[in-house]
Protein chains: 2
Amino acid sequence: MDSEQLREYGHRMVDFVADYYKTIETFPVLSQVQPGYLHNLLPESAPDHPETVEQVLDDVKAKILPGVTHWQSPSFFAYFPINGSIAGFLGEMLSAGLNTMSFSWVASPAATELEIVVVDWVAKLLNLPEQFLSKAILVVMIAARDKVLRSVGKKALEKLVVYSSDQTHSSLQKACQLAGIHLENCRVLKTDSSTNYALRPESLQEAVSKDLEAGLIPFFLCGTVGTTSSTAVDPLAALGKIAKSNEMWFHIDAAYAGSACICPEYRQYIHGVETADSFDMNAHKWLLTNFECSLLWVKDQSALTEALSTNPEYLKNKANLVVDYKDWQIPLGRRFRSLKLWMVLRLYGAENLKSYIRNHIKLAKIFEQLVSKDPNFEVVTPRIFSLVCFRIAAVDNDEKKCNNLNRSLLDAVNSSGKLLFSHTLYMCS
Amino acid sequence: MDSEQLREYGHRMVDFVADYYKTIETFPVLSQVQPGYLHNLLPESAPDHPETVEQVLDDVKAKILPGVTHWQSPSFFAYFPINGSIAGFLGEMLSAGLNTMSFSWVASPAATELEIVVVDWVAKLLNLPEQFLSKAILVVMIAARDKVLRSVGKKALEKLVVYSSDQTHSSLQKACQLAGIHLENCRVLKTDSSTNYALRPESLQEAVSKDLEAGLIPFFLCGTVGTTSSTAVDPLAALGKIAKSNEMWFHIDAAYAGSACICPEYRQYIHGVETADSFDMNAHKWLLTNFECSLLWVKDQSALTEALSTNPEYLKNKANLVVDYKDWQIPLGRRFRSLKLWMVLRLYGAENLKSYIRNHIKLAKIFEQLVSKDPNFEVVTPRIFSLVCFRIAAVDNDEKKCNNLNRSLLDAVNSSGKLLFSHTLYMCS
């Protein structure tokens with residue numbers, strides 16, 4: 001590793017990335033390539049001999065960038081965003097530069113300790129209860145599964161029941177599949193416009209009672225703050241009460257909207273978090289931290305480590321009173337991710353991050369008002385955070401025609417390369 | 001995102017990282033801090049107002065670097081290495097700069113397509129069979145589990161048996177725990193010095209026969225090329241034959257040693273890979289690609305996607321004939337990791353990578369000879385790749401005293417901050 005060559009090429013790459021951001025608006029935001037395009041542009045096998053940095057960067061420009069959908073473009077309005085930042089980029093550079101592992105404390109103590117510090121910093125910004133210690137839903141579900149199986153016996157796996165709403169993120173369904181929960185024991189509770197697609201506590205209570213009568217074991221409830229389709233907010237306090245009285249693990253998914261709750265005026269949306277066993281949010285979605293950086297707080301750390309720890313000889317070390325993050329996660333290896341979140345929090349400061357969130361919500365409000373004033377369009381559910389769900393309004397109650405019209409509009413906008421939106425669908429029964 | 005500010009700060013960070021490598025030998029390779037050191041050095045909460053890049057970099061120097069164990073130091077001989085490189089660092093920078101997602105093809109086509117290209121490039125370097133398409137063991141075990149449960153019924157989960165040797169990586173045990181395999185059905189087959197700790201096919205056959213007689217279902221075998229303790233190589237062809245005749249999923253873990261197999265003279269160690277269902281190696285261990293970059297090849301792609309796919313409305317898109325990597329992995333999000341492997345392959349070329357591997361092995365051979373010549377020391381198992389297992393030799397067959405002496409030596413070396421080694425232990429029954 002020649003440090004002067006790293007310096008020279010590193011400076012060149014910084015200029016390349018800076019130029020990319022300078023010109024990002026000149027690219028079509030949605031990539032216009034056809035499937036398989038790259039296979040035809042690149043050789044069949046790796047070169048035997050070195051190529052130059054210039055050749056590679058030329059290829060990035062000519063062959064890779066046309067295939068990139070520009071998530072950092074100001075014209076990108078699809079999915080939930082991943083808001084990178086200069087501080088996040090610097091943190092990524094430093095993390096890649098140090099190139100350490102942090103599966104255990106001793107493998108690189110600063111990586112574990114900085115992670116604890118910054119995760120606590122965010123917990124304070126969110127005003128989370130003190131018991132919340134510093135990947136997400138699968139880890140939590142497996143911890144919950146093994147906790148309940150330790151008391152009822154592992155053959156009871158087929159009796160375990162999971163509850164969520166029909167608006168819950170698809171990662172819950174995947175976690176159930178992976179954790180071996182029987183799919184017929186996954187209760188996907190119906191929501192509707194009467195609660196703006198939030199889960200009704202009565203629906204949950206009814207489902208739980210029915211399952212108990214059938215001899216099943218309710219064990220896991222996922223509530224959401226800011227659902228993927230419409231940023232609905234489930235009534236956490238009421239749901240948590242039902243979870244607690246039935247000894248269920250209560251997980252709160254605030255992947256996107258959690259970041260907004262660092263502003264005191266939005267903190268109300270996680271009221272009831274004190275009843276939860278675990279709570280997660282993604283700093284890479286709305287807190288200026290480059291992808292990926294997911295924060296998970298768990299009350300009972302031992303439930304995680306009992307399900308996830310391994311301790312082979314070559315990983316044993318003298319530091320027994322420390323956190324070994326390998327026992328909190330699925331893989332063994334772990335990147336030094338906390339560096340970028342630490343840089344974001346320090347280089348911007350909490351007040352600027354709050355202003356940044358408030359400004360996004362203000363812009364969404366303005367857009368919502370513009371849509372409301374246009375008779376051709378309607379706002380479908382009330383806006384809460386920065387997501388506005390709108391559509392071309394139905395004429396003569398013809399929903400089918402309305403859906404087709406909206407699909408055509410979406411396709412026309414997205415294929416223009418000028419703007420990128422995401423769609424969603426609510427299936428009426 | 002002010003591109004000129006990114007340029008200015010980015011250049012500063014490049015210099016910081018280049019200076020780090022220039023001075024890396026001046027740091028103690030093993031961090032000398034005590035647990036909790038950082039908590040006392042950093043404030044209790046995030047700052048309300050921005051700090052400067054200088055303040056943060058000063059803190060990195062004064063507070064973070066002392067807590068870092070320097071995995072890139074030339075004095076680092078612990079675990080398996082994570083060999084970063086300039087090309088890998090450049091790839092990480094570009095990936096962080098683009099800051100895209102690649103959970104589905106349409107989310108950023110180049111990310112999916114480049115990944116297919118470079119994974120195929122490495123498959124060719126390894127001369128893998130053609131059916132191997134382009135994360136690792138948990139994903140594979142769940143695919144195998146669900147494949148067999150689809151045919152025998154999901155209540156048979158408690159009958160599924162997993163086979164490996166006592167030298168197999170701890171990630172297999174973890175995968176079993178996570179996938180809900182009953183721990184009494186995990187056969188950890190004994191190895192010994194007579195096969196240099198490789199799994200004997202006879203041991204496997206005997207265990208499988210016994211389980212079949214007991215009405216259990218053998219379903220998963222993990223073979224290893226380059227075990228963590230001593231880089232033992234299991235006899236793949238013979239193991240694969242037993243797996244095939246019992247309809248078991250055969251997975252090969254070549255996390256570390258796989259990289260060496262790009263050299264024709266080491267390709268023999270993966271002879272028999274054609275009988276496997278899946279094969280993985282970590283480019284971040286020994287192929288100059290910054291952490292993390294794990295490659296997994298699978299013959300039957302549908303077994304993976306049937307276990308791991310989800311398809312909610314907001315992720316539906318028109319590209320049906322493309323790979324959506326979200327269906328090959330546990331999380332939804334995915335980083336643009338292929339950029340760094342592509343850069344490594346292009347900026348160094350296959351021939352230089354082979355020379356780099358050969359040079360490591362040559363250095364290990366020299367060290368092995370030096371140890372052999374010293375009457376105080378012994379080489380414990382024959383060296384195959386770049387790992388040399390050695391110890392202070394036992395005097396008068398006093399193994400307990402010998403172990404204590406070796407432990408003291410290890411502690412003395414590692415706490416000096418001058419060199420870092422890992423240890424292992426073989427438990428004789």
### Task
List the steps and the verdict of side-chain hydrogen bond (donor to acceptor under 3.5 Å, both in side chains) for A:H11 and B:D15.
CA-CA 8 Å; A:H11 285 310; B:D15 285 330; 2.9 Å; yes

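- Without hydrogens or angle criteria, B:Q72 side chain to A:N99 main chain gives a donor-acceptor distance under 3.5 Å.
- Residue contact with chain A, scored on non-hydrogen atoms closer than 4.5 Å, involves the backbone and the side chain of B:Q5 alike.
- When heavy atoms are compared at a cutoff of 4.5 Å, A:L30 approaches chain B solely by way of its side chain, counted from C-beta outward.
- Heavy atoms of B:V118 lying under 4.5 Å from chain A are absent altogether.
- Looking at A:D48, its side chain never comes within 3.5 Å of a backbone N or O of B:A350 through a donor-acceptor pair.
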### Query
Would B:L94 and A:M13 count as a side-chain contact (heavy atoms from CB on, under 4.5 Å) if you check the C-alpha gap in whole Å, the side-chain angles of each, and the deciding distance to 0.1 Å?
CA-CA 7 Å; B:L94 186 56; A:M13 186 59 87; 4.0 Å; yes

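- If you measure heavy-atom distances from A:V53 to chain B, the contacts under 4.5 Å come from both the backbone and the side chain.
- Using a 4.5 Å cut-off between heavy atoms, A:Y20 contacts chain B through its side chain alone, with no backbone atom that close.
- We find that A:K124 and B:E44 are joined by a salt bridge, their nearest charged nitrogen and carboxylate oxygen being less than 4.0 Å apart.
- A:R346 pairs with exactly one of B:H49, B:Q55, B:E51 by the side-chain hydrogen bond (donor to acceptor under 3.5 Å, both in side chains) rule, that one being B:E51.
- For B:I24, no part sits under 4.5 Å from any heavy atom of chain A, backbone or side chain.
- Annotation: maximal heavy-atom pairing with chain A below 4.5 Å, among B:E351, B:K154, B:R7, occurs at B:R7.
- When heavy atoms are compared at a cutoff of 4.5 Å, B:V60 approaches chain A by way of both its backbone and its side chain.
- Proximity of B:W342 to A:I64: side-chain heavy atoms (C-beta onward) are separated by under 4.5 Å at one or more points.
- Heavy-atom pairs under 4.5 Å with chain A were tallied for B:K63, B:H70, B:M343; the largest tally goes to B:M343.
- Proximity to chain A (any heavy atom under 4.5 Å) is shown, for B:S95, by neither the backbone nor the side chain.
- In terms of heavy-atom pairs under 4.5 Å with chain A, the best-connected choice from B:M93, B:Q34, B:E92 is B:M93.
- Interface remark: of the candidates B:L90, B:V17, B:L345, B:L90 forms the most heavy-atom pairs closer than 4.5 Å to chain A.
- Remark: side-chain polar atoms of A:Y21 are paired, donor with acceptor, to backbone N or O of B:G97 under 3.5 angstrom.
- The part of B:S85 that comes within reach of chain A is its backbone (N, CA, C, O), which places non-hydrogen atoms under 4.5 angstrom from that chain.
- Interface residue B:Y37: backbone and side-chain heavy atoms are both found under 4.5 Å from chain A.
- Without hydrogens or angle criteria, B:W121 side chain to A:P43 main chain gives a donor-acceptor distance under 3.5 Å.
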### Message
Could you go through A:K22 and B:E4, starting from their C-alpha distance and side-chain angles, then the distance that decides it, and tell me whether this counts as salt bridge (Lys or Arg N to Asp or Glu O under 4.0 Å)?
### Response
CA-CA 8 Å; A:K22 201 171 179 176; B:E4 293 315 312; 3.4 Å; yes

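- At a 4.5 Å heavy-atom cutoff, the contact between B:L42 and chain A is made by side-chain atoms alone.
- With chain A as partner, the option from B:L157, B:L65, B:L149, B:N352 having the largest number of non-hydrogen pairs under 4.5 angstrom is B:N352.
- Top candidate by heavy-atom pairs under 4.5 Å with chain A, chosen from B:G10, B:P47, B:P66, is B:P47.
- With a 4.5 Å cut-off on non-hydrogen atoms, A:N282 does not touch chain B at all.
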### Query
Would B:T69 and A:W105 satisfy side-chain contact (heavy atoms from CB on, under 4.5 Å), going step by step from the backbone distance to the final call?
CA-CA 10 Å; B:T69 290; A:W105 182 86; over 6 Å; no

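- Under a 3.5 Å cut-off, the side chain of B:W71 and the backbone N or O of A:A107 do form a donor-acceptor pair.
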